[in-house]
Amino acid sequence: MSANPTGPLHVGHGRGAAMGQAIASLLSASGFDVSREFYINDAGRQLQLLGRSVYARYREYWGKEVAFPEDGYHGDYIRALAETVALTHGQALLENPPELAEPVCAQVASQILLDRIKDDLATFGVQFETWFSEASLHDKGLVQATLDELRERDLVKEKDGAWWFRSSVFGDEKDRVVKKQDGSYTYLAADMAYHRDKLARKFDTLINIWGADHHGYIPRMEATVQAFGHEKESLRVVLVQMVNLLRGTQKIEMSKRAGEFVTLREVVEEVGSDAAKFFFLMRRADSHLDFDLELAKRQSSDNPVYYVQYAHARLASVFRTAHERQVPLPSIQDVDQTLLLQEEELGLIKMLAQYPLIIEASALALEPHRVTFYLQELAAQFHSYYNKNRVLPLMDKAVKSEDGSQGLQMETNEKALGAEHLSVHASLTPALTAARLALLQQVQTVLRNGLTVLGLSAPEKM
RNA sequence: GCGCCCGUAGCUCAAUUGGAUAGAGUAUUGGACUUCGAAUCCAAGGGUUACAGGUUCGAUUCCUGUCGGGCGCACCA
């Protein structure tokens with residue numbers, strides 16, 4: 001994934017991050033060798049704008065006249081950044097012309113913001129092997145080198161004083177400017193250099209996670225990988241649609257221009273990273289997501305996150321109880337599996353058998369939501385089964401009668417119990433308990449693996 | 001105007017990539033705790049898969065058109 005280090009990560013970035021990390025771990029669970037990379041957009045116009053915005057607030061801080069840039073960043077965090085610059089540089093920058101002062105501001109500000117982005121992602125539980133700087137491509141002359149290489153092969157041409165990438169050769173609707181008349185590069189040029197670099201690192205497939213509003217950019221990047229002699233299919237783009245934040249039925253309005261948007265950090269602080277991730281992954285990437293903050297933090301039945309985690313915790317509790325009562329926890333090889341004859345038991349077994357297929361299909365399709373659906377279904381089947389069937393034997397009278405009064409109570413209770421309960425009790429042999437415990441351990445393992453692959457915790461207690 | 005994505009139960013979404021009677025959650029209504037976790041379970045109602053054609057033994061899925069929604073269409077990123 002990528003982001004401009006010009007502001008905090010917002011919920012849209014969060015969805016992308018959750019999606020990217022889930023896809024990455026699904027692929028590695030399926031046997032692929034995966035590397036996660038964050039592309040830092042620390043070059044170009046947006047950064048310039050950041051510098052200009054911070055410099056304006058900096059002048060304001062020292063009581064100077066300012067005309068705040070029309071298209072600048074308006075968020076409150078810009079003032080905070082300006083204060084930091086004021087503390088480290090004092091009034092020194094006031095003496096410099098904007099052309100010198102603004103890049104300094106941009107440099108300081110983007111470094112702080114990048115650190116915060118890294119921190120936010122770490123808190124969210126998303127890791128990257130590589131942080132790739134766009135500016136480093138420019139510094140090393142790789143952008144120009146990329147264009148030169150393509151120019152030699154007649155895939156870049158000069159026209160009207162600008163350089164054009166002949167993407168239409170590969171099916172794009174028209175050619176694209178990569179080097180402007182003023183000699184500076186477009187974003188596309190840097191992106192081409194970046195993809196060239198990645199391809200040179202021998203990845204078979206490049207998977208980009210993009211906001212859905214960038215879909216028009218896909219043909220350009222497909223043309224790029226083809227220009228470097230790779231199949232169009234070696235690039236796969238996952239488009240992530242917008243997140244609609246709700247509080248109950250109330251929509252939370254966001255305006256990036258005015259600097260009013262809900263940050264990823266705020267959401268994670270409010271609902272927790274498990275709930276946030278699960279909600280981000282619950283829907284297909286290319287459908288709009290309604291994210292209800294109230295629902296996400298509600299610890300009740302209608303919250304799908306807790307539903308799945310509860311199943312895991314409930315199982316943990318069963319095994320704890322078994323341990324307390326000194327009922328052994330057998331492994332699946334040591335029990336008589338033919339005792340598991342009930343429809344629900346066979347259903348659970350079939351469901352467990354599907355797990356590897358779900359993981360693989362979900363990985364290949366780059367669709368983590370399939371796993372969230374699967375986990376909800378497995379949890380549902382477990383809850384249903386467990387509600388109907390006893391696993392551990394009822395407390396023995398001998399054990400109970402250590403406490404005299406309770407022993408008496410038990411006796412009257414048994415009479416009060418219906419015939420059905422008695423028959424269930426009677427048929428619950430130690431061998432059946434063992435078989436069911438073994439099955440349930442498999443269920444717990446799959447729940448845990450599924451939660452883990454999505455980046456969620458599998459709690460022992462809740 | 002051109003291009004991409006989408007349209008499935010009141011609402012939010014699934015549907016093993018073309019397979020059997022289209023499934024979940026939520027909401028509504030009614031029921032189940034003195035025992036292994038009720039953050040749970042059971043039951044009921046709810047559908048012309050936007051519409052119209054076409055391909056196929058078979059279509060929510062593929063093709064064409066219409067309507068409706070979202071997003072793109074920079075020498076911005």
Side-chain angles (χ1 to χ4, degrees), chain A residues 2-4 6 41 43-49 71 134 159-164 173-174 176-191 211-219 239 241-242 244 246 249 282-292 295 298-311 313-322 324-325 327 354 357-358 361-362 364-365 367 369-370 372-374 376-377 379-380 382-395 400 406 409-410 412-414 416-417 421 425 433 436-437 440 461-462:
Chain A
S2 70
N4 291 312
T6 54
N41 300 131
R45 221 181 87 82
Q46 298 303 317
L47 206 74
Q48 245 179 46
L49 216 55
D71 43 1
E134 178 187 351
K159 194 184 119 195
D160 303 332
W163 290 31
W164 299 72
E173 59 181 9
K174 58 182 178 186
R176 310 288 175 174
V177 172
V178 283
K179 191 176 186 177
K180 304 180 227 172
Q181 281 181 337
D182 66 7
S184 63
Y185 302 102
T186 62
Y187 179 76
L188 174 61
D191 235 358
D213 53 345
H214 288 66
H215 64 81
Y217 202 72
I218 294 176
L239 293 176
Q241 271 289 0
M242 298 202 23
N244 225 344
L246 306 168
T249 52
M282 226 168 25
R283 306 281 176 240
R284 304 172 38 173
D286 58 9
S287 72
H288 289 258
L289 174 68
D290 282 332
F291 190 136
D292 181 355
L295 176 59
R298 207 180 302 159
Q299 304 200 354
S300 72
S301 55
D302 46 5
N303 187 335
V305 188
Y306 291 111
Y307 184 80
V308 176
Q309 290 185 325
Y310 177 69
R314 198 181 187 186
L315 282 160
S317 169
V318 175
F319 303 141
R320 275 196 301 273
T321 308
E324 281 163 21
R325 297 188 191 170
V327 178
Q354 272 182 43
L357 305 175
I358 294 283
S362 173
L364 294 176
E367 291 181 350
H369 78 273
R370 298 185 189 197
T372 67
F373 273 85
Y374 171 83
Q376 290 178 85
E377 205 178 318
F382 157 66
H383 282 309
S384 175
Y385 167 70
Y386 191 67
N387 228 266
K388 237 179 274 179
N389 298 93
R390 261 210 95 76
V391 175
L392 298 176
L394 284 170
M395 286 289 267
K400 270 281 180 182
Q406 282 221 2
Q409 247 184 339
M410 278 300 285
T412 52
N413 285 339
E414 288 226 358
L417 288 170
H421 286 82
H425 183 183
T433 287
R436 287 181 174 171
L437 279 172
L440 291 188
K461 286 182 182 175
M462 294 174 67

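Below, chains carry the letters A, B, ... as their sequence lines are ordered, and counting in each starts from 1.
- Residue contacts for A:Phe373: at a heavy-atom cut-off of 4.0 Å it reaches the sugar-phosphate backbone alone, with no base atom in range.
- Residue A:His369 has no polar side-chain atom (N or O) positioned under 4.0 Å from OP1 or OP2 of B:U16.
- Among the atoms of the strands shown, base atoms are found under 4.0 Å from some heavy atom of A:Ala365.
- Regarding contacts with the backbone of B:C42, a side-chain N or O of A:Ser384 is found under 4.0 angstrom from either OP1 or OP2.
- Nucleic acid contact for A:His214: base, since at least one base atom lies under 4.0 Å from a heavy atom of the residue.
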What N/O pairs connect the protein and nucleotides 1-10 of chain B at under 3.5 Å? Give each pair on its own line.
{"unit_1": "B:G3", "atom_1": "N2", "unit_2": "A:His215", "atom_2": "NE2", "d": "3.1"}

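- OP1 or OP2 of B:C41 has at least one side-chain nitrogen or oxygen of A:Tyr307 nearer than 4.0 Å.
- At the phosphate of B:G37, OP1 or OP2 sits under 4.0 Å from a side-chain N or O atom of A:Ser317.
- Atoms CD (A:Glu377) and P (B:C41) sit 13 Å apart, rounded to a whole Å.
- Base contact: A:Arg314 has a heavy atom under 4.0 Å from a base atom.
- The pair A:Lys180-A:Asp182 fails the salt-bridge criterion, with no side-chain N (NZ, NE, NH1 or NH2) lying under 4.0 Å from an Asp/Glu carboxylate O.
- Within 4.0 Å (heavy atoms only), A:Glu324 reaches no atom of the nucleic acid at all.
- Residue A:Ala162 is classed as a base contact, given a heavy-atom separation below 4.0 Å to a base.
- Stem analysis of RNA chain B (Watson-Crick or G-U pairs, both distances under 3.5 Å, runs of at least three) returns B:1-7 with B:67-73, B:10-13 with B:23-26, B:28-32 with B:40-44, B:50-54 with B:62-66.
- Atom name C1', nucleotides B:G31 and B:C13: the rounded distance is 28 Å, in whole Å.
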